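These figures come from a predicted structure and were not determined experimentally. Atoms within a ligand are numbered from 1 in the order they appear, just like the ligands themselves. What's counted below: heavy atoms across the whole structure, side chains too, no hydrogens, waters or symmetry copies. Residue indices begin at 1 and follow the sequence shown.
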Amino acid sequence: MSKAKKHTSKQKANQKLWGGRFKEELNTLAFDFSKSINLDKRLYHEDIAGSLAHVEMLAQQGIIAPSEANQIGRGLREIEKEIDEGIFNFENGQEDIHMAIEQRLHEKIGSVAGKLHTARSRNDQVATDERLWLRSAIQDLLEQLRQLQYSLLEQSQTHFGVVMPGYTHLQRAQPILLSHHLLAYIEMFERDKSRFQNALSRMNVSPLGAAALGGTPIPIDRRKTAKTLGFSDILANSIDAVSDRDYIIEFISACAITSMHLSRLAEEWVLWSSQEFSFITIGDAFTTGSSIMPQKKNPDMAELVRGKTGKVYGALMNILTTMKGLPLAYNRDMQEDKSPMFDAFDTTKQCLEIFASMIRATEFNTTQMRNAVFRDYSTATELADYLVRKGIAFREAHEIVGKIVAYCADNHLLLPDLHLKVLHNFSPVFDDDVFEFLNPEKSPARKKSAGSTSPKEVKKQLAKWQSLLRQNK
Ligand code: ARG
């Protein structure tokens, strides 16, 4: 007996809801290979919501009797409860959640269950379920993002006034406020939120009623189901409605950009918690030890957040590649959309959650930050600006200060260590007031431009975010 024969499914072909035209039973390997129930069972709630809206509309349109709609509706609600309670058997021989629910409906209410699938296809069902699921997934991520922003805001408020080195090329650049640095991330996460909201506004449109691809001769009302399900409109083209997955691609793109932002934040948490920086101490509850080196306290959570970014980027490549060569309309390849969609969501959500908690459990070593800023040349720009104010062209000022810094470096000095006499060797315009400009702690307050690190500007931002992020609660 051939292996293929031996593996023939015990399932009778006529138990498949599409079994009519088949003489042979589906090979077990083929069944296992093609089923998606293990993943798409996560869509049960949305699948049932879509079906309830559909039968209600069928009855309103006089396509099925109200009593039939009631029977189907009751059955579907019972099934939803069974799944909620964990007593539903997902191994009932059906390949996906749509078939599994319909099969169970047949078991519960008999042949009237067959009317549920009037004027619809699994193709529009899948697209409807996914759009509904993503709608709440996005609400979930928006809230996670808000909480992460809030945890950053709390730390920014607590440490208002703390000065630290700002970096470019990971070299100390200018003194900045710690709050200003943390607020930069709040801005990034706000744009991430708007990307999700933006994707949501395009996504929240109903494909239901497109049927397999060309619509249906049965007099359904697509606007009715769209309204019941809270969609803002219906998709205008039935072929487009069932054949694109751009809404998933947009969703995962937004997840990927969020992950990129998170990964940069994670990188800073790793760096800042190192002994070299010692800017932060991450709470014990969010760090781990080494099995061999007793002294170690590792920032594993931040590293994992940084690492998991790869998974989210992978999910994006996955779906983009799956979709790129597909002719219209539905192709079974598209069933592979579930895994990147769920994976991107789960990973992004987890990373946002852990980071918000970890930020709250982080201590800022402000003395260390202050010391760092006093031990570098980060007021060099101030010094150049000082010369500009004394009438020297900026390029020339830059040159003069460059020479002063080189002199300091050669003689192991810092800028505030220089005497006025020495400064006069570089330019006669230096005066006693220069020393004020060399104090890094006074540097942020001298910035005047909008959006700068000056305490006045930062304070405005803190107040803005406080009201924005609290309002959203
Ligand atoms: N499980 C399938 C999916 O998620 C359902 C659609 C199947 N449609 C079809 N024509 N075979 O894509």
Closest heavy-atom approach to atom 2 (C) of ligand 1 among Met99, Gln335, Lys338, Arg122 is made by Gln335
Trp465 and Tyr150 aromatic centres sub-6.0 Å:
no
What atoms of ligand 1 come closer than 4.0 angstrom to any heavy atom of Asp96?
1 (N), 2 (C), 5 (C)
Using the ring centroid of each side chain, check whether Phe88 and Phe90 are separated by less than 6.0 Å.
yes
Atom 3 (C) of ligand 1 sits nearest the protein heavy atom Tyr330 OH, 3.2 Å
One finds that the ligand 1 atoms under 4.0 Å from a non-hydrogen atom of Ser36 are 1 (N)
Quick one: which ligand 1 atoms are inside 4.0 Å of a heavy atom on Val126?
3 (C), 4 (O), 5 (C), 6 (C)
Contacts of Glu457 that satisfy salt bridge (charged side-chain N to carboxylate O under 4.0 Å, His left out) - sequence neighbours left out:
Lys460
Report yes or no: is the cationic atom of Arg131 (NZ for Lys, CZ for Arg) closer than 6.0 Å to the six-membered ring centre of Phe231, at no more than 45° off its axis?
no
Heavy-atom nearest neighbour in the protein, as seen from atom 8 (N) of ligand 1, with distance rounded to 0.1 Å
Asn123 OD1, 3.1 Å
Row check, Phe342 ring normal vs Arg42 NZ/CZ: under 6.0 Å, within 45°:
yes
